Each structure stands twice: as structure tokens, then as C-alpha cells.
*Asks:* 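Have a look at this one before I ask anything.
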Amino acid sequence: IIPISHSQDTPGPMARTVTDAAIVLGAIAGVDPQDAATQRAAPHLHADYTRFLDADGLAGARIGVARKHFGYHEKVDAVAESAIARMSAAGAVIVDPADLPSHGGFDDSEFEVLLYEFKADINAYLAIRGENCPVKSLEDLISFNTQHAETELPYFGQELFLKAQAKGPLSSREYLDALAQNHRLSRQEGIDAIMDQHNLDALVAPTGGPAWTVDLINGDRFLGASSTPAAVAGYPNITVPAGDVFGLPVGVSFFGRAWSEPVLIKLAFAFEQATRSRRPPRFTPTAELREKP
């Protein structure tokens, strides 16, 4: 995996079903001597996560709705509202709203940490790629792109590369302060705080908006997502298909405390079994930009 930000990005399985994801998680979870982030994981690991699959897992579960992650797309909101209603029908106790007290408070520090860590992490990654890798650092990447701008930068620049390259080492006070703020606001004053307040098993929100079409003028059409709190905290998050918008799949995300993978797998599996919302891809030549009558 080419790294971006080691404190904010945790690799995990991507699969068609929660069952498949649980199988893969059991295979990849472990303590890696080359990855300091895994050193605390040993007491929390499970060789087989499929034992937490429970079709009745929503019954009695207390689920908080992270309502501030709604509002960027009315059709996505409608899918999420339907999903929450299905959870309630399956026996879940819905606490709504259940917003992080620190919502939005670490947006700037999250980006600052990403820039510092991307420089350090990509440099470390490239340094061990071997003699066949022509670039050895972020500085080399920037130079390569500049020298081959016609093919590498025909539509967009490399502004984020340049911003990251301008950052200092991970011992910089600016980085350390931003990282500490991230962890405090996303953990103790964020996910942990709201879950303690309402005695929750998990939080739920729309995963993100529908995929956007390629736009070489305006770039990505990103409207919103709910992944940031769990990512910044380093806590688990699982997304499950919940419906579609203009033929494009959208999901809901269950996220919660550190080491709560078993609980989230149980909830996600129960939701999946209750809704069966996933549709196989059809590989259509264009997006369905008109609503069906």
C-alpha cells in the first residue's frame, strides 16, 4: 500500500459482503514489527472474525446517529434515513442526534498532519523500493512530474505534493501539536465522549455522496463523507451498501471505539442481512443522470 498518512489511514478489507470482509480481516490483522501502530493490537486480535456475524445483531443495540454528517445531498440523506428506519425495525435503539462534541474542530489539524506524514511516509516507502525504482523521495517525484508535465500534469497540478515537501520532519513542534490535537478531539472529546454520554454501541452516518463524473475543469465533486472522525482517531469503521442514487451505490458507515471491530461486524452483518441492498455492478457506459419515472 502506498502510504498517505500513517496516523489517519488504516488498511482494511474491501469485499462484496460483510462475511467476506470478516474472513479477510482475520487473515490480515496482526502485529507487524515494521508498523508501530500495530504494537498495541495483540490483546485485541481475533483469528476468526466470522464468529461475530449475527443476523440478529441489531436487536437491542444502541446506535447513535451522527446527524452533522447529513445535509450535503438530499438523496443520500433519504437513503440513510431509510437505513436507520430499517435498523430500528430490526430492534436497534436509535439515539438521534448523537453528534461528536468536537465535530469540525480538527479539520485544519487533520490536513496539517496529513501533509507532514505524507512526506515522511512516501520518502520511507520509496527508499526501500530498490534499484529499479527511479524515484527515491517526494522531491524526486515532484521533479519527475515537472520534467514530464505534458504526460503527468496535463489537467491538474501537484499542489499537495509541493505543500507536503515544504514541511519539516515529524519532530517538528507544529506537527506534534497538530497530532495531539487530532487525537484529543477525535477520541476523548469526540467518539468516546458521545458514546459515553449515550451508552452507545456504535455511531452511524452516510458513508459519502454518490461517485462523481470526471470533470477536467472543476476537478473532483466531493460533497461530504463521515470517515474523518474514525480515521483521525485510528478507530474502526465499516461501510455497508444501503441503496443507490442515480444508479450509483451509496452506503452507511458504522464506527465506534478503539478495538470495537467485533461489535461493528455484528451490526453491519445484521443490517446487510435485513436490507440486502447491494446490487452487482452493471458496468454501464454512462451514469444514469435522470431519475427514473
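Please read these numbers as outputs of a predicted model, since none were measured by experiment.
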*Asks:* Any side-chain heavy-atom pair from Asp20 and Pro13 closer than 4.5 angstrom?
*Replies:*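 Contact flag for Asp20/Pro13 side chains = no.
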*Asks:* Can you tell me if Tyr155 has over 12 outside heavy atoms packed within less than 6.0 Å of its OH?
*Replies:*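 No, not enclosed.
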*Asks:* Just how far is it from atom OG1 of Thr228 to atom CD of Gln8, taken to the nearest 0.5 Å?
*Replies:*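 So the OG1 of Thr228 and the CD of Gln8 are separated by 8.5 Å.
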*Asks:* Which atoms form the tightest heavy-atom contact between Ala242 and Ser277, and what is the distance?
*Replies:*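 Of all heavy-atom pairs spanning Ala242 and Ser277, the closest is O-OG, 3.4 Å.
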*Asks:* Counting only heavy atoms not in Arg67, do more than 12 sit closer than 6.0 Å to its CZ atom?
*Replies:*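 Enclosed.
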*Asks:* Please report the closest heavy-atom contact between Leu176 and Ser171, naming both atoms and the distance.
*Replies:*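 Residues Leu176 and Ser171, closest heavy atoms: CD1-O, 3.7 Å.
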*Asks:* Look up atom CG in Asp54 and atom NZ in Lys266, then write down how far apart they are to the nearest 0.5 Å.
*Replies:*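 Between Asp54 CG and Lys266 NZ, I get 6.5 Å after rounding to 0.5 Å.
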*Asks:* According to a 4.5 Å side-chain heavy-atom criterion applied to Ile, Leu, Val, Met, Phe, Trp and Tyr, with indirect links allowed, do Val113 and Leu170 form part of one hydrophobic cluster?
*Replies:*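 Yes: a chain of side-chain contacts under 4.5 Å links Val113 to Leu170.
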*Asks:* Quick check: is Val232 connected to Leu114 through a chain of hydrophobic side chains (ILVMFWY, heavy atoms under 4.5 Å apart)?
*Replies:*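 Each belongs to a different hydrophobic cluster.
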*Asks:* Only one of Thr17, Thr50, Asp48 passes side chain to side chain contact (heavy atoms under 4.5 Å, CB included) with Ile23; say which it is.
*Replies:*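 Answer to the side chain to side chain contact (heavy atoms under 4.5 Å, CB included) test with Ile23 among Thr17, Thr50, Asp48: Thr50.
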*Asks:* Can you confirm whether Leu185 sits close enough to Asn182 that some side-chain heavy atom of one is under 4.5 Å from a side-chain heavy atom of the other?
*Replies:*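 Side-chain contact under 4.5 Å: no.
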*Asks:* How are the rings of Phe52 and Tyr49 set relative to one another: parallel (under 30°), tilted (30 to 60°) or perpendicular (over 60°)?
*Replies:*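 It falls in the tilted class, 30° to 60°.
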*Asks:* Could you please spell out the steps behind the side chain to side chain contact (heavy atoms under 4.5 Å, CB included) verdict for Asp121 and Ile4?
*Replies:* CA-CA 7 Å; Asp121 294 348; Ile4 298 178; over 6 Å; no
*Asks:* Between Arg86 and Ala274 (side chain of the first, backbone of the second, donor and acceptor by atom type, cut-off under 3.5 Å), is there such a pair?
*Replies:*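 Yes.
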*Asks:* Measure the spacing between NE2 of His103 and CG of Asp107 and express it to the nearest 0.5 Å.
*Replies:*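 The NE2 atom of His103 sits 7.0 Å away from the CG atom of Asp107.
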*Asks:* Less than 4.5 Å apart, any side-chain heavy atom of Trp212 and any of Asp220?
*Replies:*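 Yes. Closest side-chain heavy atoms under 4.5 Å.
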*Asks:* Please report the C-alpha distance between Phe118 and Ser5 in whole Å, then the side-chain angles of each, then the deciding distance to 0.1 Å, and finally whether the side chain to side chain contact (heavy atoms under 4.5 Å, CB included) criterion is met.
*Replies:* CA-CA 5 Å; Phe118 177 68; Ser5 171; 6.0 Å; no
*Asks:* Hydrogens and angles aside, do Glu117 and Ser7 bring a side-chain donor and acceptor to less than 3.5 Å of each other?
*Replies:*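 Ser7 and Glu117 do have a side-chain donor-acceptor pair below 3.5 Å.
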*Asks:* Do other residues, nucleotides or ligands put more than 12 heavy atoms under 6.0 Å from the CD atom of Gln39?
*Replies:*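 Check passes, neighbour count above 12.
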*Asks:* Measure from the side-chain N and O atoms of Asp56 to the backbone N and O of Ala59, and report whether any donor-acceptor pair falls under 3.5 Å.
*Replies:*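 No.
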*Asks:* Report yes if the side chains of Pro206 and Val250 come closer than 4.5 Å at any heavy-atom pair, otherwise no.
*Replies:*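 Side chain of Pro206 against side chain of Val250, heavy atoms only: no contact under 4.5 Å found.
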*Asks:* Nearest 0.5 Å please: distance from the CG atom of Leu179 over to the CZ atom of Arg184.
*Replies:*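 Nearest 0.5 Å value for the CG-CZ distance: 12.0 Å.
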*Asks:* Going from CG on Leu203 to NE2 on His198, what distance comes out if it is rounded to the nearest 0.5 angstrom?
*Replies:*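 Here the interatomic distance stands at 9.5 Å.
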*Asks:* For the backbone of Ala233 and the side chain of Arg187, can you confirm whether one donor and one acceptor N or O come within less than 3.5 Å of each other?
*Replies:*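 Yes; at least one donor-acceptor contact below 3.5 Å.
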*Asks:* Under 3.5 Å, is there a donor on one side chain and an acceptor on the other for Gln158 and Thr146?
*Replies:*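 Side chains of Gln158 and Thr146: pair found under 3.5 Å.
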*Asks:* Between the side chains of Tyr235 and Asp192, is a donor N or O closer than 3.5 angstrom to an acceptor N or O?
*Replies:*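 Distance-only check passes for Tyr235 and Asp192.
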*Asks:* Identify the heavy atoms of Ala66 and Asp99 that sit nearest to each other, and give their distance.
*Replies:*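 Scanning both residues, the minimum pair turns out to be C-OD1, 3.2 Å.
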*Asks:* Cation-pi between Arg129 and Tyr125: NZ/CZ under 6.0 Å from ring centre and within 45° of the ring axis?
*Replies:*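 Verdict for Tyr125: a cation-pi partner in Arg129.
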*Asks:* If you compare all heavy atoms of Ser102 against all heavy atoms of Glu189, which two are closest, and at what distance to 0.1 Å?
*Replies:*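 Residues Ser102 and Glu189, closest heavy atoms: OG-O, 3.2 Å.
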*Asks:* Do the charged groups of Lys167 and Glu112 touch, with an N to O distance under 4.0 Å?
*Replies:*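 Result for this pair is yes, salt bridge flagged.
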*Asks:* Can you find a side-chain donor-acceptor pair between Asp32 and Thr38 that sits under 3.5 Å?
*Replies:*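 Distance-only check fails for Asp32 and Thr38.
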*Asks:* Can you hop from Leu153 to Ile142 via hydrophobic side chains spaced under 4.5 Å?
*Replies:*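 Each belongs to a different hydrophobic cluster.
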*Asks:* Could you tell me whether a side-chain N or O of Arg62 sits under 3.5 Å from a main-chain N or O of Asn199, the two making a donor and an acceptor?
*Replies:*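 Side chain of Arg62 to backbone of Asn199, a donor-acceptor pair under 3.5 Å: yes, one is there.
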*Asks:* Any idea how Tyr175 and Tyr116 line up, ring-wise: parallel (<30°), tilted (30 to 60°), or perpendicular (>60°)?
*Replies:*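 Ring orientation, 0 to 90° scale: tilted.
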*Asks:* CG of Asp108: more than 12 outside heavy atoms within 6.0 angstrom?
*Replies:*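 No, the 6.0 Å shell around CG holds no more than 12 heavy atoms from other groups.
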*Asks:* Going by heavy atoms in the side chains, are Ile84 and Ile94 under 4.5 Å from each other?
*Replies:*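 Yes, their side chains come closer than 4.5 Å.
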*Asks:* Is Phe255 reachable from Tyr72 through a run of I, L, V, M, F, W or Y residues, each pair having side-chain heavy atoms under 4.5 Å apart?
*Replies:*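 Per the 4.5 Å side-chain linkage, Tyr72 and Phe255 are not co-clustered.
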*Asks:* Walk me through it: do Leu162 and Glu159 pass the test side chain to side chain contact (heavy atoms under 4.5 Å, CB included)?
*Replies:* CA-CA 5 Å; Leu162 294 170; Glu159 294 85 358; 5.6 Å; no
*Asks:* Using atom types as modelled and distance alone, determine if a side-chain donor or acceptor of Glu261 lies under 3.5 Å from a backbone N or O of Pro236.
*Replies:*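 Between the backbone of Pro236 and the side chain of Glu261 there is no qualifying donor-acceptor contact (under 3.5 Å).
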*Asks:* I'd like to know if Arg257 and Asp196 make a salt bridge, using a cut-off of under 4.0 Å between side-chain N and carboxylate O.
*Replies:*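 A salt bridge links Arg257 with Asp196.
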*Asks:* What pair of heavy atoms forms the shortest contact from Asn237 to Leu264, and how long is it?
*Replies:*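 Smallest interatomic distance, heavy atoms only, reads N-CD1, 4.1 Å.
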*Asks:* Counting distance only, does the side-chain N/O of His73 pair as donor-acceptor with the main-chain N or O of Lys75 below 3.5 Å?
*Replies:*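 It does hold such a pair.
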*Asks:* State, with a plain yes or no, whether a side-chain heavy atom of Ser253 is found less than 4.5 Å away from one of Ser226.
*Replies:*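 In contact.
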*Asks:* Could you check if a side-chain atom of Thr239 sits within less than 4.5 angstrom of a side-chain atom of Val252, using non-hydrogen atoms only?
*Replies:*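 No - every pair of side-chain heavy atoms lies 4.5 Å or more apart.
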*Asks:* For a quick test of reading the model, state the closest non-hydrogen atom pair linking Leu53 to Val18 and the distance between them.
*Replies:*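 Between these two residues, the closest heavy atoms are CD2-CG1, 3.9 Å.
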*Asks:* If I take atom CE from residue Met195 and atom CG from residue Leu100, how far apart are they, to the nearest 0.5 angstrom?
*Replies:*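 Answer rounded to 0.5 Å: 10.0 Å.
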*Asks:* Looking at side-chain heavy atoms only, is the closest gap between Phe161 and Leu141 below 4.5 Å?
*Replies:*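 Of all side-chain heavy-atom pairs linking Leu141 with Phe161, at least one is under 4.5 Å.
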*Asks:* Using modelled atom types only, decide if a donor and an acceptor are shared between the side chain of Asp77 and the backbone of Gly71 within a distance under 3.5 Å.
*Replies:*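 Side chain of Asp77 to backbone of Gly71, a donor-acceptor pair under 3.5 Å: yes, one is there.
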*Asks:* Looking only at side chains, do Glu139 and Ser143 share a donor and an acceptor under 3.5 Å apart?
*Replies:*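 Glu139 vs Ser143: no donor-acceptor pair found between side chains.
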*Asks:* Is there a donor-acceptor pair under 3.5 Å between the side chain of Ser172 and the backbone N or O of Glu174?
*Replies:*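 Side chain of Ser172 to backbone of Glu174: no pair is present.
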*Asks:* I'd like to know whether CD1 of Ile28 has more than 12 heavy-atom contacts from other residues, nucleotides or ligands below 6.0 angstrom.
*Replies:*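 Count over threshold, so yes.
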*Asks:* With clusters defined by side-chain heavy atoms of hydrophobic residues (ILVMFWY) lying less than 4.5 Å apart, directly or transitively, does Val79 cluster with Leu223?
*Replies:*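 Per the 4.5 Å side-chain linkage, Leu223 and Val79 are co-clustered.
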